[in-house]
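So the structure is just underneath, and the comments pick up after that.
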Number of protein chains: 2
Amino acid sequence: MSIARLTFVWSAASNFNRRYRMVIHTSDFESEEIRSLALFSSLDDARFSMLMRGAYVQNLPPMIDLITEGDKSDFLHVLISGSVELFANWNDHETTMAVLRPTSTFILAATIRQARYLMSARTLEKSRIVLVPSEDVSAMFDLAPDFARAVVTELAICYRANIMTTKNLKLRSSLERLANHLLAERKLAGDTQSFELGIEKRRLASSLGMTPENLSRAFRQLKPYGVAIDGSRVIIADPSDLEGLAKPADLIDEPCLK
Amino acid sequence: MSIARLTFVWSAASNFNRRYRMVIHTSDFESEEIRSLALFSSLDDARFSMLMRGAYVQNLPPMIDLITEGDKSDFLHVLISGSVELFANWNDHETTMAVLRPTSTFILAATIRQARYLMSARTLEKSRIVLVPSEDVSAMFDLAPDFARAVVTELAICYRANIMTTKNLKLRSSLERLANHLLAERKLAGDTQSFELGIEKRRLASSLGMTPENLSRAFRQLKPYGVAIDGSRVIIADPSDLEGLAKPADLIDEPCLK
DNA sequence: CGTCGAATTGACCGCGATCAAGGAAGGTGG
DNA sequence: CCACCTTCCTTGATCGCGGTCAATTCGACG
């Protein structure tokens, strides 16, 4: 691997869409992180370099629009650090579809279909994102069978995650959704007694399909179940207590079953 | 193509799961219908036969459980005629996730991941379903690059359909969902003045995320917009009138954008 | 004609949204 | 360092969408 050669480009497109672009001819650090993704790990060095040749990194501040629903898909996105919100609009309403954390890919389906985005995306924190041209992904799909399999696996995982989201929305009340979310976050944090929400409450509310006001009240409703809130820190006294209410289910909540 | 050789098998597994199996060494009629699917159309005759060798057809009465969520995925399912409901359960609640019509595949994602089903499925009408062993699909994926591409395309379509469902649920009221559903059905029927619902109202209600009672009232609320109901027949006087309420959007309602 | 499930209708209630006001936290400039 | 602003969060009051329960009607089928 060669040493990183960085080029800095200011695109004056718009205030909301200014981009700090860094063309990488594969930086060592970046590559390791991207390579470790299931999607790319099957590629040999030569092919991985080939795929990264047309790719570039964006180093972005918070609240930058990455993509807008309705636009044509050009790049597969890979989130390396920071966090990204996927959201959608209709009739002056907006809803959070998902909040992504590293390391994950997004808009793979639109890339494959070469169709318009169904969702918009923006950074929530300072983030580092790799963009791989759609045609390169497509070409590699035909060239490397292992990569084809990795792509279809990745997509199947995303699909199943979405099915879980739909089940969550249709089968549970907002209080139950919150309770299960907290249990899932707790597990993610390593079953510690307290953990950070890691996301603004209003976005959490939207991603759970509720209003900020309702979320606030829902937190209080969870007090009898041993849930305490201190700013963005959540303390769960006894998880089994909360599980009685939440009734977590593998086929809705278990991320490894995606 | 050889003439169909049919074998009739009665599996006495359970009352709810009795199966009328017909092993097909490729019937002409069936094959044409399956071949015409985007998923299989890229395969040459030899490979298509190979894929169908281990497959068999089920000829099923209404209300037969096909798969149960949580079970391990064994077969890719293809609906040839009739209709199939995908549904999910949690905590004694049940919800309709989708109603499928010919010709379409289902549980492709579970097949690929070789994971447990996230949804259950049952026939709604007398239906004809082809089952292709998961390992055969998997083998053909590696063998035929065109098939691999067809699989990933099919999956991307399903993924995007699901994103649309989520947007529909989170961004619209139940009345708006119904209005848009009616407009979509009308278009599907060829923009005729009246059309059949083609599904029990209670299932329609569930698939729209509402109760049967609420659906009943929603229909009446649509009366001022020129919507009349006669049994399972819907008459829309002036679609543009209804569109004023529904505000249909490409990125939620347009099936071709999947 | 009788039966059973589905659909409708009515009465009621609760979840969650909306509107409005009041804090708390963090950032900026004097 | 503090006054001020902005933004998010919280809390209260109220409203309406949609769910629940119950009774009735409708319709398919034997």
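All chains are named by letter (A, B, ...) in the order of the sequence lines, taking the proteins before the strands, and each is independently numbered beginning at 1.
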Check: A/Phe75 ring centre within less than 6.0 Å of A/Tyr56 ring centre:
yes
Can you check whether B/Ser206's main-chain N or O pairs, donor with acceptor, with B/Thr96's side chain at less than 3.5 Å?
no
Which whole-number value in Å describes the distance from A/Leu171 CG to D/dG19 C1'?
15 Å
D/dT20 P sits how many Å from B/Leu215 CG, rounded?
15 Å
Length of the CD1-P vector between A/Ile229 and D/dT10, whole Å
8 Å
DNA chain C: first to last nucleotide in contact with chain A (atom under 4.0 angstrom from a heavy atom), 5' to 3', is C/dG16 to C/dC19
Pick one: which of B/Leu60, B/Val78, B/Asn59 meets side chain to side chain contact (heavy atoms under 4.5 Å, CB included) with B/Ile129?
B/Leu60
Tell me: CZ of A/Phe219 to P of D/dC8, nearest whole Å?
17 Å
Can a salt bridge be assigned to the pair B/Asp253 and B/Arg172 using a cut-off of 4.0 Å between side-chain N and carboxylate O?
yes
Take the C1' atoms of the five end pairs on each side of the helix from C/dC1-D/dG30 to C/dG30-D/dC1, get both axes, and report the angle to 10 degrees.
30°
Using side chain to side chain contact (heavy atoms under 4.5 Å, CB included) as the criterion, point out the one residue from A/Leu66, A/Val99, A/Leu124 that pairs with A/Val84.
A/Leu66
Whole angstrom value for the distance that separates P of D/dC8 from CG of A/Leu197
16 Å
When you measure from the centre of the six-membered ring of A/Phe195, is the NZ or CZ of A/Lys187 under 6.0 Å away and within 45° of the axis?
no
Any salt bridge linking B/Lys170 with A/Glu94? Criterion: basic side-chain nitrogen under 4.0 Å from a carboxylate oxygen.
no
Can you say whether the rings of B/His77 and B/Tyr117 are parallel (under 30°), tilted (30 to 60°) or perpendicular (over 60°)?
perpendicular
Does this structure show an ion pair linking B/Glu125 with B/Arg101, if we count only N-O contacts that are shorter than 4.0 Å?
yes
Could you go through nucleotides 11-18 of chain D and list every protein N or O atom that sits under 3.5 Å from one of its N or O atoms, giving the distance for each pair?
{"residue": "D/dG12", "atom": "N7", "partner": "A/Arg217", "partner atom": "NH2", "Å": "2.5"}
{"residue": "D/dG12", "atom": "O6", "partner": "A/Arg217", "partner atom": "NH2", "Å": "3.1"}
{"residue": "D/dA13", "atom": "N6", "partner": "A/Arg217", "partner atom": "NH2", "Å": "3.1"}
{"residue": "D/dG18", "atom": "OP1", "partner": "B/Ser174", "partner atom": "N", "Å": "2.8"}
{"residue": "D/dG18", "atom": "OP1", "partner": "B/Ser174", "partner atom": "OG", "Å": "3.1"}
{"residue": "D/dG18", "atom": "OP2", "partner": "B/Ser174", "partner atom": "OG", "Å": "2.9"}
{"residue": "D/dG18", "atom": "O5'", "partner": "B/Ser174", "partner atom": "OG", "Å": "3.4"}

Between A/Lys247 and A/Glu176, does at least one N-O distance fall below 4.0 Å, as a salt bridge requires?
no
Please determine whether a side-chain nitrogen of the Lys or Arg among A/Arg116 and B/Glu254 lies less than 4.0 Å from a carboxylate oxygen of the Asp or Glu.
no
